[in-house]
Amino acid sequence: MSNSNSDIESGDLDVDLDLTDPVLASEAELAFEGALRPKSLEEFVGQTRVRGQLQLLLTAAMLQQRTPDHILLAGPPGLGKTTLAMIVAHEGGRPLRMSSGPAIQHAGDLAAILSSLVPGEVLFIDEIHRMARSAEEMLYLAMEDFRIDIMVGKGAGATSVPLDLAPFTLVGATTRAGLLPNPLRDRFGFTAHLEFYDEAELEQVLARAASLLGLDADREALSEIAGRCRGTPRIANRLLRRVRDYALVHPASGSGRRGGRADLTAVRAALELYDVDALGLDRLDRAVMQIVLTRFGGGPVGLNTLAVSVGEEAETIEAVVEPFLVRIGLITRTPRGRVATPAAWRHFGLADRAPGAAAGLPIDDL
Ligand SMILES: Nc1ncnc2c1ncn2[C@@H]1O[C@H](COP(=O)(O)OP(=O)(O)OP(=O)(O)O)[C@@H](O)[C@H]1O
């Protein structure tokens, strides 16, 4: 994909309300996202520990002239797993094949991919926890011995024919590392757990994206977006684009710049329009919190009940919504379900309805 500014700018002013789901993102959003992907570990912002570990792994492989060990990237969506897989291929000058767990529903799907890999190729399997069990078992042997056994024929006459594969590096990505069977997890030479980004790192991501977009953005404008993007670069970049739209439509007076300037006023107005609150909660986050607080009196609420109540997949709640709500201290996970914290009651202006409030307890003591 080309990385020129004109390519990035060609998808102007499409309106996309979804800020978290990559599947539902418009084509223009995906093109925009792709154009902003860092191409090297040096350009990749944050995740310092993981970057250092990956750098070591790739350099050692290069010095020994072998394919790097298999790598598992775990963490919530939008933190850079696909980007890192591309960097692993790019840094080593290796070709990259991309697939995903849901696309591998039979061992034959995987055999077709594995048998056509060229030596040294990087195979990226996104959502690897959703691959069919039969394919998973084929992958064990492929990862360990670069070999698979293909079954020929059926019933009593079936025989297994070994097939040697070209050496390759598997990069698996998952939002649910806990769902991977141990034999698969153990075959990765390195597992990276990606963390949410802090605000300083997100400001760097945003400054880079603004410069690639040719957008004149104030430091305080970027800092405001950084505080509202759920610790996630993908959301940071999408919010920046909405802010750019706003600045285009409402150019700041006297800026003298075509397309306007992204200042604090533009950021606040754009984020209000798109329903992103001061903590970065979007509509789904708020719907989840409202259910916990008002329908279940603060909890505990089980994951499935929560998912049904907001009309979402339990997996989306668990992988996308919950980690962020836990991280910013609005809910805690207990063995009996999700429970709202005092901070949640306060954030939603419901402190007087919190359990114990009627007895006059201060909210922090609840
Ligand atoms: N560390 C980073 N520095 C700069 N930009 C980043 C970084 N991490 C992610 N991004 C940006 O965020 C966007 C989303 O990243 P990416 O697609 O790699 O996330 P992901 O973890 O693979 O998400 P998913 O699990 O949904 O596939 C990319 O366009 C990329 O530009």
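Numbering of ligands and ligand atoms starts at 1, following listing order. Numbers for residues simply follow the sequence, beginning at 1.
- Taking 4.0 Å as the cut-off, Pro38 counts as a neighbour of ligand 1 on heavy-atom distance.
- Looking at Arg238, Lys81, Met86, Glu127, it is Lys81 that brings a heavy atom closest to atom 25 (O) of ligand 1.
- Close contacts of ligand 1 with Pro233, meaning ligand atoms under 4.0 Å from a residue heavy atom, involve 6 (C), 7 (C), 8 (N), 9 (C), 10 (N), 11 (C), 12 (O).
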Exercise. Would His70 and Phe168 count as a ring-ring contact (aromatic ring centres under 6.0 Å, His included) if you check the C-alpha gap in whole Å, the side-chain angles of each, and the deciding distance to 0.1 Å?
Worked result: CA-CA 8 Å; His70 306 301; Phe168 66 98; 5.4 Å; yes
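- Backbone and side-chain nitrogen or oxygen atoms of Leu79 are examined, and one is located within less than 3.5 angstrom of a nitrogen or oxygen of ligand 1.
- Between Leu239 atom CG and Cys229 atom SG the span is 6.5 Å, to the nearest 0.5 Å.
- You'll find the side chain of Met98 stays beyond 4.5 Å of the side chain of Asp126, heavy atoms only.
- Gln47 and His193 share no side-chain donor-acceptor pair at under 3.5 Å.
- Any N or O atom pair closer than 3.5 Å counts here, and Thr83 shares at least one such pair with ligand 1.
- Looking at Glu318 and Arg333, a side-chain N of the basic residue comes within less than 4.0 Å of a carboxylate O on the acidic one, giving a salt bridge.
- No N or O atom of Leu84 sits closer than 3.5 Å to an N or O atom of ligand 1.
- Among all heavy-atom pairs drawn from Ala226 and Leu202, the shortest one is O-CD1, 3.6 Å.
- Taking distance alone, with nitrogen or oxygen atoms compared against 3.5 Å, Pro77 stays at or beyond that limit from ligand 1.
- Considering backbone and side-chain atoms together, Tyr197 places an N or O closer than 3.5 Å to an N or O of ligand 1.
- Heavy-atom separations between Arg37 and ligand 1 include at least one value shorter than 4.0 Å.
- Applying the 4.0 Å criterion to heavy atoms of Asn237 picks out, from ligand 1, the atoms 11 (C), 31 (O).
- Residue contacts with ligand 1 leave out Gly46, since none of its heavy atoms falls under 4.0 Å from the ligand.
- In summary, the atoms of ligand 1 found under 4.0 Å from a heavy atom of Leu36, numbered by their order in the structure, are 31 (O).
- No hydrogens or angles considered: nothing links the side chains of Thr82 and Arg37 as a donor-acceptor pair under 3.5 Å.
- Residue Asp126 approaches ligand 1 through these ligand atoms, each under 4.0 Å from one of its heavy atoms: 27 (O).
- A 4.5 Å side-chain heavy-atom check between Arg338 and Thr332 finds every atom pair outside the cut-off.
- Atom CG of Leu222 is separated from atom CG of Leu215 by 8.0 Å, given to the nearest 0.5 angstrom.
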